[in-house]
Amino acid sequence: MDTVESLGYLKGLIDGLDLDDGKKETKVFKAIIEVLENMNSDIDAAYEDLEDMTEQLDVIDEDLADLEEYVYDDEDDDEWDDDEYEEYEIECPNCGEIISVDEDTVFSGGIECPNCGENLEFEVEFEDEVEEDNE
């Protein structure tokens, strides 16, 4: 039995008692029934609002998924792929700070340590040069 049915049943029981309308107990029972009916209406309204918000959230979720697909699928068309992009970790010989640098920074020849300001220089050897040195 749902809330509306239970409320109707309770109201019928109280009416079936054939209570005198002038008595305090009758007024209390009727006031309790009225409060319960108001609470039921408030709960129904909240449930409808929740359903509306759920539908709106579903629409937003779908829009976001479309936007993510549009934005992130275009990354495959970029000039470089994440697999080709390398990042290096370098330890500053002065302060011991581990610094992450990208390939472009390594090829630029050096950077200043963000922790202590020490100038860090990089020497880049290409694979062809390494093979020639080993021969």
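Just so you know, residue 1 is the first one in the sequence shown, and it goes up from there.
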Q) Which pair of heavy atoms, one from Glu112 and one from Gly117, lies closest together, and at what distance? A) CG-O, 3.2 Å
Q. Between atom OG of Ser6 and atom CE of Met1, what is the distance when rounded to the nearest 0.5 Å?
A. 5.0 Å
Q | Asp2 backbone acceptor or donor facing Glu5 side chain under 3.5 Å | A | yes
Q. Got a second to check how far Met53's CE is from Leu57's CG, nearest 0.5 Å?
A. 9.5 Å
Q: Any chance you could measure Cys92, atom SG, to Glu97, atom CD, to the nearest 0.5 Å?
A: 8.0 Å
Q) Are more than 12 heavy atoms from other residues, nucleotides or ligands located less than 6.0 Å from atom OH of Tyr9? A) no
Q.
Is it the case that the side chains of Glu51 and Tyr47 hold a donor-acceptor pair, with the cut-off being a distance below 3.5 Å and no angle test?
A. yes
Q) Any side-chain heavy atom of Leu36 sitting closer than 4.5 Å to one from Leu10? A) yes
Q | Closest contact, heavy atoms only, Leu7 versus Ile33 | A | CD2-O, 4.4 Å
Q) Any Lys/Arg nitrogen of Asp21 or Lys30 sitting under 4.0 Å from an Asp/Glu carboxylate oxygen of the other? A) yes
Q. Without hydrogens or angle criteria, can the side chains of Thr105 and Asp102 be said to hold a donor-acceptor pair below 3.5 Å?
A. yes
Q. At what distance, to the nearest 0.5 angstrom, does CG of Asn94 lie from SG of Cys113?
A. 7.5 Å
Q.
Quick check for you: to the nearest 0.5 Å, what is the distance between Leu67 atom CG and Tyr72 atom OH?
A. 8.5 Å
(Q) If you compare all heavy atoms of Leu19 against all heavy atoms of Thr26, which two are closest, and at what distance to 0.1 Å? (A) CB-OG1, 3.2 Å
(Q) On a heavy-atom basis, which atom in Gly22 and which in Lys27 lie closest, and how many Å separate them? (A) O-CE, 4.3 Å
(Q) So for atom CD, which belongs to Glu68, do other residues, nucleotides or ligands contribute more than 12 heavy atoms lying within a distance under 6.0 Å? (A) yes
Q.
Count I, L, V, M, F, W, Y as connected when their side-chain heavy atoms are under 4.5 Å apart, and connections chain through other members. Are Val101 and Ile98 then in the same cluster?
A. no
Q: Report yes if some heavy atom in the side chain of Val35 is under 4.5 Å from a heavy atom in the side chain of Glu37; otherwise report no.
A: no
Q. For the atom pair CG (Asp49) and CG (Asp44), what is the distance rounded to the nearest 0.5 Å?
A. 11.0 Å
Q. Any side-chain heavy atom of Ile99 sitting closer than 4.5 Å to one from Ile111?
A. yes
